Structures are given as C-alpha cells and as structure tokens.
Amino acid sequence: MRIPVIAGNWKMNKTVVESIALVKELKDFIREIKGVDIVVCSPFTSLWVVKEIINGTSIHLGAQNMYWETKGAFTGEISPLMLKDVGCEYVILGHSERREHFKETSEEVVKKTKAAFSFNLIPIVCIGENFEERESGKTKSIIEQEVKALFLEIDSTLAGRIIIAYEPIWAIGTGKSANSQEANLINKFIRELFSSEYGNKVAEQIRILYGGSVNPKNIEELMNESDIDGALVGGASLYALTFSQIVKAAEIL
Ligand code: PEP
C-alpha cells in the first residue's frame, strides 16, 4: 500500500507574516487527518518559521528547489545541507517553471536528485510535456527521456524512495486539469519504466503524483485512479481551506 502524498507548492508567494497565517490555519484544518503525507513547500525565506509552527503535527516541510553542492562559492544558491538544517524532509526538483524560466536541464535535475538523496531529503521530481509536445504525440517520449535521465545516476537502493510528479505543463496554473484517466495512463507508463529498470518491487513502491490545476473538485476522481498516488498542488495550496479539502480527499481511511 502506497501512502498518498499531497504536496503544496507555494511558488514565489507569501511573505513571512502571510506564511505564518496560512500554515497556522492549515494546521487547524488538518488536525484529524491521517493516512496521507502532507508536505508544504514554502519559499526559502519562510521555511524556518513554517517548521516552527508544524513541529509535532503531521505536516512535513519541503523546499521548491536546491543546488547540488553542499557549500561554497555559489552566490544565491541553497544547498541540501541548508535545507536539512532548517528541517526540510522533501524538495521539489525540476519543476517546469524552473526548466522553462531558468533553463534547468534534465542533467542538472539528476545531479540535484542525487544530492538530495545523499542528505536524506526525498526528491519530488517533476516531469511532463508541454502543449505542443502533447499535440504532436510526443508525450511518452518526453516522459521517457526525463525518467531515463534519472536511471543513469540513481541506484536501485534509492529508486523506491523517489517521488515523481507528472505535471503536464499545459495544465499548470491554467485551470485545465488533465483528464484523470489520461493522467493515470501516463503514471502507469512511468511505473512501467521504473519496473523495467529496477524491477517490479521498486516500481510498486514509488509514489507518482499528478500535478496541474488540482482542486477540491477534481481530486477525488484523480485519487480513484490506480496509479495516481497523490498530487502536487500549486494555486489551491495557497488557501488553507482548499488545500485541506484536497488532503482530506486523499486520506486513506
Ligand atoms: C504546480 O505548481 O506544480 C502546479 C501544479 O500548479 P497548479 O496546481 O496551480 O496548476
């Protein structure tokens, strides 16, 4: 049985004061919820204060990015050591906004994934096709390329701990969610790729999320699919009520 994951990606939103308000409210809403790994990925500037508030609750802390080196002359970067130090357990890597705006490559995402594992951080690796790629029937080949890049560097002892977030880029922040059956087919395909590389046991362990305009209305349908193990949530994670409703729908009772 895979424990579902609901991860909130706040992106570049929320000052420290706003982060405190949001996470305090969320803490109240999710008090009774069990059987789902809840992750809040605040901006770097709020990680410390969010951690202070979620201590002793079932909310886990995640970051939205990191560099692969541990320390040194890399102005402006944040290392896995620093994330660990502030209390992070998860880190989002290779989000499409980073791939698009900051030209992050799959090779860099792999380096970051390796570095995350070496600090015992759970990487949430984002993959997905853009609109043109989807329209020209390239979805599976894009997914395959992005997943296989990970296989080169991640050995079988770690592979089962990775979290993959399938996020069709055209569905992110657009209000246009992928059809749950279509998303499930891609998640299944990702699991098959892991199975052929690491075997069925590892493939059955990894949690594969869906991301792209997830909201309290579509989460139930998504969670009913066999290979969707949770969601990476952007916009709807900025409101404690909607995020907690999504978490609630993913709960294993
Ligand atoms: C995301 O940021 O990864 C995301 C899926 O955003 P949204 O839920 O707003 O589409």
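Just follow the structure's listing: the first ligand is 1, and inside any ligand the first atom is 1. Values in this document were obtained by computation on a predicted structure and should not be read as measured data.
Heavy-atom proximity to atom 10 (O) of ligand 1, evaluated over Cys126, Gly173, Gly128, Ala165, is greatest for Gly173. Distances from atom 3 (O) of ligand 1 to the heavy atoms of Lys11, Glu167, Gln64 put Glu167 nearest.
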Legend entry - Test salt bridge (charged side-chain N to carboxylate O under 4.0 Å, His left out) applied to Lys112 and Glu153, step by step: CA-CA 11 Å; Lys112 292 180 178 193; Glu153 296 287 344; over 6 Å; no
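In Ala236, neither the side chain nor the backbone holds a heavy atom less than 4.0 Å from any atom of ligand 1.
Taking the six-membered ring for Trp and the full ring otherwise, Phe151 and Tyr198 have centroids separated by under 6.0 Å.
Judged by distance alone, with hydrogens and angles left aside, the side-chain atoms of Thr242 form a donor-acceptor pair with the main-chain N or O of Ala236 at under 3.5 Å.
The protein atom (non-hydrogen) at minimum distance from atom 8 (O) of ligand 1 is Gly234 N, 2.8 Å. Nearest to atom 9 (O) of ligand 1 among the protein's heavy atoms is Gly235 N, 2.8 Å.
Close contacts of ligand 1 with Leu232, meaning ligand atoms under 4.0 Å from a residue heavy atom, involve 3 (O), 5 (C). Close approach to Gly212 involves these atoms of ligand 1, each under 4.0 Å from a residue heavy atom: 5 (C), 10 (O). Atom numbering of ligand 1 starts at 1 in the shown order; those under 4.0 Å from a heavy atom of Ala171 are 10 (O). Atom numbering of ligand 1 starts at 1 in the shown order; those under 4.0 Å from a heavy atom of His95 are 1 (C), 2 (O), 3 (O).
Annotation for Lys188: atom NZ does not count as buried by contact number, only 12 or fewer foreign heavy atoms lying within 6.0 Å.
Between Ile172 and ligand 1, no pair of N/O atoms sits closer than 3.5 Å. Residue Asn9 places at least one N or O, backbone or side chain, under 3.5 Å from an N or O of ligand 1.
Atom OG in Ser141 sits 9.0 Å away from atom CD1 in Ile143 (nearest 0.5 Å). Residue Phe243 holds its CZ atom at 7.0 Å from CD1 of Ile38, rounded to the nearest 0.5 Å. Note: Leu121 CG to Thr113 OG1 = 11.0 Å, rounded to the nearest 0.5 Å.
Phe102 carries Arg98 over the face of its six-membered ring, with the cationic atom under 6.0 Å from the centre and within 45° of the normal.
Under a 4.0 Å heavy-atom criterion, Glu97 is not in contact with ligand 1.
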